[in-house]
Every structure is written in structure tokens, then in C-alpha cells.
Amino acid sequence: MLELGDIIKVSIKDAIPRGRVKKARFITALVVRTRKGVRRPDGSVIRFDGNSAVILNNNLQPLGTRIFGL
């Protein structure tokens with residue numbers, strides 16, 4: 001099961017034309033949000049509406065400059 005902070009390999013299913021990421025490429029990404037709850041030490045649980053990952057370059061630095069969504 002994936003958890004926050006996991007580094008995974010992903011396949012790009014859709015991409016904008018002339019973008020830095022091309023369709024059908026396999027790249028590295030970092031999981032930043034999951035639908036599965038994350039329990040904090042005080043007992044509270046944080047859940048998100050969907051899963052989300054940030055695309056990383058070869059040096060494991062974020063490829064984009066901004067992260068959208070909640």
C-alpha cells in the first residue's frame with residue numbers, strides 16, 4: 001500500500017502539447033496525498049479526496065514549480 005513520501009514509477013497517460021512531460025513515458029514521482037487516512041501522533045486522521053503525486057527529475061527534485069489542488 002502506498003503511503004505519503006513513497007517514491008514510485010508512473011506512466012504518463014495524458015500531457016499538454018509542448019510540455020516538459022511527454023505522453024507514454026515512465027518517470028519517477030513522489031506521493032504527496034492519498035485517500036487512505038494518515039494517523040497523526042495525537043490520534044487525528046487526515047484524509048484527502050484523491051491521490052496525488054509530484055513528478056521528479058533524475059536528481060529527485062520536483063519538475064514543476066507549483067502544486068495545484070487541495
Side-chain angles (χ1 to χ4, degrees):
M1 188 55 91
L2 293 176
E3 294 188 19
L4 294 178
D6 286 351
I7 296 178
I8 57 175
K9 286 287 191 179
V10 297
S11 174
I12 304 300
K13 293 185 176 183
D14 193 19
I16 48 178
R18 297 181 298 280
R20 293 170 68 179
V21 179
K22 304 298 180 203
K23 184 177 176 180
R25 295 279 176 113
F26 288 99
I27 56 173
T28 306
L30 174 71
V31 177
V32 292
R33 292 192 299 252
T34 61
R35 290 191 70 173
K36 180 181 180 244
V38 177
R39 187 167 301 278
R40 287 185 167 178
D42 66 355
S44 62
V45 178
I46 297 178
R47 291 186 185 96
F48 296 97
D49 290 336
N51 300 321
S52 182
V54 173
I55 298 172
L56 303 175
N57 64 13
N58 293 336
N59 297 328
L60 299 181
Q61 298 296 320
L63 193 60
T65 56
R66 298 181 293 172
I67 300 173
F68 293 100
L70 297 173

Consider only side-chain heavy atoms of I, L, V, M, F, W and Y, link residues closer than 4.5 Å, and tell whether [X] and [Y] are in one cluster.
X	Y	result
I7	I12	no
I46	L2	no
I8	I27	yes
L63	L56	no

Main-chain N/O of Q61 paired to N59 side chain as donor or acceptor, under 3.5 Å
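No, because the side chain of N59 does not come within donor-acceptor range (under 3.5 Å) of the backbone of Q61.
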Within the distance-only criterion (no hydrogens, no angle test), does the side chain of R39 pair as donor or acceptor with the backbone N or O of G43 below 3.5 angstrom?
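Confirmed, R39 side chain pairs with G43 backbone.
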Minimum heavy-atom separation for [X] and [Y], please, with both atom names.
X	Y	answer
T28	K9	OG1-NZ, 3.3 Å
P62	V54	CB-CG1, 4.0 Å
K23	A15	N-CB, 4.0 Å

Roughly how far apart are N51 CG and K36 NZ, rounded to 0.5 Å?
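Reported to 0.5 Å precision, the distance equals 11.5 Å.
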Do T34 and E3 have side chains that approach each other closer than 4.5 Å (heavy atoms only, starting at C-beta)?
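T34 vs E3: side chains apart.
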Sort out for me which residue in V31, V32, L30 forms a side chain to side chain contact (heavy atoms under 4.5 Å, CB included) with S52.
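For S52, the side chain to side chain contact (heavy atoms under 4.5 Å, CB included) test succeeds with only one of V31, V32, L30, which is V32.
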